[in-house]
Amino acid sequence: MESFDPVILARIQFAANISFHILFPTISIAMGWVLLYFKTRFNRSGDEAWMDAYGFWVKIFALTFALGVVTGITMSFQFGTNWPGYMQHVGNVAGPLLAYEVLTAFFLEATFLGIMLFGRSRVSNRVHTLATFLVAFGTTVSAFWIIALNSWMQTPAGVEVIAGKVHVQSWLGVIFNPSMPYRLSHMLLASGLTVAFLVAGVSAYRWLRGDRAASVRAALKTGVTLAAVLIPLQILVGDAHGLNTFHHQPAKLAAIEGVWHTERGAPLLLFALPDEATQSNRFEVGIPKLASLIITHQPDGEIRGLNEFAGAHPPVAKVFWSFRVMVAVGVAMLLASWLAAWQLRRRGEPAPWLSRVLVAMTFSGWVATLAGWFVTEIGRQPWLVTGILRTADAASSVGGGMILSTLLMYLALYVVLLVSYVSVVFYLAKKAGTPAAANLEGVSA
């Protein structure tokens with residue numbers, strides 16, 4: 001049965017692992033900088049509200065960081081168990097970049113996280129602030145190395161292939177490959193938006209429960225303002241990233257747009273059901289020439305079709321719809337953040353209905369990030385490293401039954417951990433609003 005194909009099952013297992021893992025670095029990357037912002041505002045103003053906000057959100061940061069580390073370790077094992085050919089062929093590139101990321105994560109982030117959590121009363125305020133900065137900086141540097149490797153897999157550069165193995169000719173070429181600046185910017189902004197809506201959503205939840213503490217108001221305004229500022233930037237970066245994909249990964253771009261045959265003046269498809277059997281789209285709803293205008297900046301610009309990449313293009317429907325989910329969530333983020341920012345400026349507080357919208361969108365950043373990640377990773381298929389290593393050539397010889405059993409165990413564990421994480425976040429929010437918690441915060445401050 002095709003469903004028990006070891007390569008397909010190994011891909012699903014790794015996809016499940018990396019999808020679950022990426023949820024937590026997406027939060028921790030930007031959350032470190034939000035914590036630094038809270039701490040800096042406290043240092044400048046002396047207002048304890050900022051330190052109360054810091055104290056609440058650093059707990060969520062610690063929980064997020066711990067789950068990110070655990071799931072990252074599990075993922076690293078799968079390189080050996082499911083994809084031994086990966087390191088055999090491209091280990092000269094992947095090995096050093098992964099090592100730099102691990103060193104950053106464990107020797108910089110983990111070390112100073114302890115000072116952030118337990119050191120405020122044991123070290124000077126300056127050292128505590130420095131520790132917060134180093135943790136935030138460490139999470140970003142870790143992301144830099146991972147994105148550098150992933151981007152290189154998408155658009156490899158700076159290497160030479162000798163006897164089937166990749167050898168580095170230029171580390172600058174490897175690290176700063178053609179898609180790296182766009183992918184890194186896109187990911188950092190996605191992290192910022194994820195955290196912005198997490199902070200806004202949880203703060204709105206506390207607000208609806210009657211917790212009107214100054215720290216809640218400060219966090220709510222911070223989350224909404226951050227989201228309102230970042231979403232237009234993400235749209236601009238996304239456009240630039242699309243142009244980069246057009247030039248360097250035309251098969252992925254064709255799948256995103258659902259273009260089966262090379263054409264000029266391609267429409268922007270709002271809805272379609274791609275059919276690989278007939279190499280066509282069913283039930284198309286599109287805007288004439290808009291895809292060409294957006295991608296090539298010319299209404300009659302040419303977009304290469306999937307027919308030019310026979311046997312070497314990604315699954316079309318998955319990429320097509322993942323991209324549209326990402327865009328739809330982005331539009332919702334734009335509307336919600338700008339409306340909330342307007343209400344906070346005019347009324348000083350969000351309307352109850354808008355607060356409920358923000359609560360509903362607490363984890364919307366995760367949805368957009370996963371959809372974008374699916375576009376990135378599925379859109380690279382059938383290549384593991386574009387033009388160098390096919391996915392099937394890197395797979396292990398482990399039987400499909402074994403992979404399926406471990407996949408089911410992974411999925412069961414991930415569901416439990418994800419539900420637990422979300423439950424704990426809202427439990428902490430509920431607990432923070434109780435009189436006992438407020439009194440405790442006052443004593444500790």
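If you read the sequence from its start, that first residue is 1, and numbering goes on from there. These numbers were taken from a predicted model, which means no experiment stands behind them.
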**Request:** Ignoring hydrogens and angles, state whether a donor on the side chain of Trp373 or Ser322 is under 3.5 Å from an acceptor on the partner side chain.
**Result:** no

**Asked** Between Tyr182 and Thr245, is any side-chain donor less than 3.5 angstrom from a side-chain acceptor?
**Response** no

**Item:** Closest non-hydrogen atom pair, Ala341 against Ala228
**Value:** CB-CB, 4.3 Å

**Prompt:** Nearest heavy-atom pair of Val237 and His186: which atoms, and what distance?
**Reply:** CG1-N, 3.8 Å

**Request:** Would you mind reporting whether Leu198 and Trp366 have side-chain heavy atoms less than 4.5 Å apart?
**Result:** no

**Message:** For the residue pair Arg212 and Trp207, would you count it as a cation-pi contact if the rule is NZ or CZ under 6.0 angstrom from the ring centre and within 45 degrees of the ring axis?
**Reply:** yes

**Heavy-atom side-chain proximity of Leu354 to Gln343 below 4.5 angstrom** = yes

**Short side-chain to backbone donor-acceptor contact, Arg209 and Asp211, under 3.5 Å** = no

**Complete:** For Phe61, the ring pair (Phe, Tyr, Trp, His ring centres under 6.0 Å) test, sequence neighbours excluded, returns none

**Item:** Atom OH of Tyr427: over 12 foreign heavy atoms under 6.0 Å
**Value:** no

**Request:** Of all the heavy-atom pairs spanning Lys59 and Leu428, show the shortest one and how long it is.
**Result:** CB-CD1, 4.4 Å

**Asked** Do you know which two heavy atoms are closest between Ala251 and Pro314, and how far apart they sit?
**Response** O-CD, 4.0 Å

**Message:** Check whether Phe56 forms a cation-pi arrangement with Arg206 (NZ or CZ under 6.0 Å from the six-membered ring centre, at most 45° off the ring normal).
**Reply:** yes

**Prompt:** Counting distance only, does the side-chain N/O of Ser28 pair as donor-acceptor with the main-chain N or O of Phe65 below 3.5 Å?
**Reply:** no

**Message:** A quick test of your reading: do over 12 heavy atoms of other residues, nucleotides or ligands sit less than 6.0 Å from CZ of Arg44?
**Reply:** no

**Item:** Whether over 12 other heavy atoms sit under 6.0 Å from Phe137 CZ
**Value:** no

**Message:** Would you say Gln154 and Asn177 are linked by a side-chain donor-acceptor pair, where the criterion is simply a distance under 3.5 Å?
**Reply:** no

**Item:** Check: Met153 main-chain N/O paired with Thr386 side-chain donor or acceptor under 3.5 Å
**Value:** yes

**Asked** Is the closest side-chain heavy-atom distance between Lys252 and His313 below 4.5 Å?
**Response** no

**Message:** Taking atom CH2 as the centre, does Trp321 end up with more than 12 heavy-atom neighbours from other residues, nucleotides or ligands that are less than 6.0 angstrom away?
**Reply:** yes

**Asked** Is it true that the side chains of Ser280 and Asp275 contain a donor and an acceptor less than 3.5 Å apart?
**Response** no

**Prompt:** Which side-chain hydrogen bond (donor to acceptor under 3.5 Å, both in side chains) pairs, counting each pair once, include a residue from residues 283-292, with sequence neighbours left out?
**Reply:** Asn281-Glu284, Lys289-Asp300

**Message:** I'd like to know if the side chain of Thr391 pairs up with that of Gln381 as donor and acceptor (distance under 3.5 Å, no hydrogens or angles considered).
**Reply:** yes

**Side-chain donor-acceptor contact under 3.5 Å, Ser142 with Tyr100** = no

**Prompt:** In this structure, which one of Leu23, Ile27, Thr194 forms a side chain to side chain contact (heavy atoms under 4.5 Å, CB included) with Thr369?
**Reply:** Thr194

**Prompt:** Does CZ belonging to Phe320 count more than 12 external heavy atoms closer than 6.0 Å?
**Reply:** yes

**Request:** Decide whether a cation-pi geometry holds between Arg183 and Phe176; the criteria are a distance under 6.0 Å from NZ or CZ to the six-membered ring centre and an angle within 45° of the ring axis.
**Result:** no

**Request:** Please report the closest heavy-atom contact between Ala219 and Trp57, naming both atoms and the distance.
**Result:** CB-NE1, 3.9 Å

